Amino acid sequence: MKKKALIPVFVFASGRGSNFEALCQAVHAGKLNADIRALVSNTDGCGATEIARMFKVPVIAVSHKGCGREQHEKKILEALPQAERPWIVLAGYMRLLTKEFIERFWDSELGVSRIVNIHPSLLPAFPGTSGYRQALEYGVKVTGATVHLVTTGLDDGPVVLQRSFEVRDDDTLEALLKRGLAVEHELYSEALYKLFNHSWRLSRGSEGAGRPRVVFGGEA
Ligand code: GRF
């Protein structure tokens, strides 16, 4: 990778943290020009916080217990160190964000928030939790993962990248999850690399109809 500016990033995670770990590895391998300033977690002691400690990423642990959404986010915002145009990268963060929080990271130049999420399905199929379980239960033959920019809707917002893979006839949830996560781990750093280093815009397609998606131009 050519020497590129490091983009300040705060990763938010609540659980296992395998996507966070993959991002840390991509950064270490020089494949992603991100400066992961901190891991924000509402569940101290979860897999993600352990991984942060392994990679020497500062942990900002803010429990959501006993406080409302606004109050929880206020505490997080107070704890976040100053950064210039940071990206918020959600990696298994099990909390819905308020409109106010999303607006806080609104980028008027981009026309969208600098908040990005990864979801375990080909959105708009199977929003909500357990995308792979839903795919298996529905009986689809193909599923996938989606990286999208975050809006106030649940698993909504302009699609950045998607990748599909087959559901095998004999798949168990465990097998599907394993293949799905492997896809996610590549897709997330690829999507972030493109967001950080390519020119891009939101486009509703040639007819101007439908919902906006991220359309990439060349690498800057
Ligand atoms: C992933 O499946 C991701 O798509 C979803 O939550 C899960 C997090 O897994 N948003 P992990 O904590 O990164 O292993």
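Keep in mind that this is a model prediction, so the values were computed, not measured. Remember, it's 1-based here, ligands and their atoms both numbered in the order they're listed.
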message = Below 3.5 Å, N or O to N or O, backbone or side chain included: is there any such pair between Asn117 and ligand 1?
response = no
message = Could you check whether Glu73 pairs with Arg104 (Lys NZ or Arg NE/NH1/NH2 to Asp/Glu carboxylate O, under 4.0 Å)?
response = no
key: Centroid-centroid under 6.0 Å between Phe105 and Trp87 rings   = no
task = Tell me which protein heavy atom sits closest to atom 13 (O) of ligand 1, plus the residue, atom name and distance to 0.1 Å.
result = Asn19 N, 2.8 Å
ask   = Do Ser121 and His119 have side-chain N/O donor and acceptor atoms under 3.5 Å apart?
value = yes
remark   = If you scan protein heavy atoms around atom 3 (C) of ligand 1, the nearest is Glu184 OE1, 3.2 Å
query = Will you find, in the side chains of Glu174 and Tyr132, an N or O donor that is under 3.5 Å from an N or O acceptor?
reply = no
query = Is the shortest distance from a Lys or Arg side-chain nitrogen in Glu219 or Lys4 to a carboxylate oxygen in the other one below 4.0 Å?
reply = yes
task = Would you please determine whether Gly17 falls within less than 4.0 Å of ligand 1 on a heavy-atom basis?
result = yes
Proximal atoms of ligand 1 relative to Pro120 (non-hydrogen, under 4.0 Å) = 2 (O), 4 (O), 5 (C)
request  = Considering heavy atoms of the protein only, find what lies nearest to atom 9 (O) of ligand 1 and give residue, atom and distance to 0.1 Å.
outcome  = Arg16 NH2, 3.0 Å
ask   = What is the nearest protein non-hydrogen atom to atom 6 (O) of ligand 1, stated with its residue, atom name and distance?
value = Gly92 CA, 3.5 Å
ask   = Is there a donor in the side chain of Glu184 and an acceptor in the side chain of Asn19, or the other way round, less than 3.5 Å apart?
value = yes
Shortest protein contact, atom 10 (N) of ligand 1 (heavy atom only) = Ile118 O, 2.8 Å
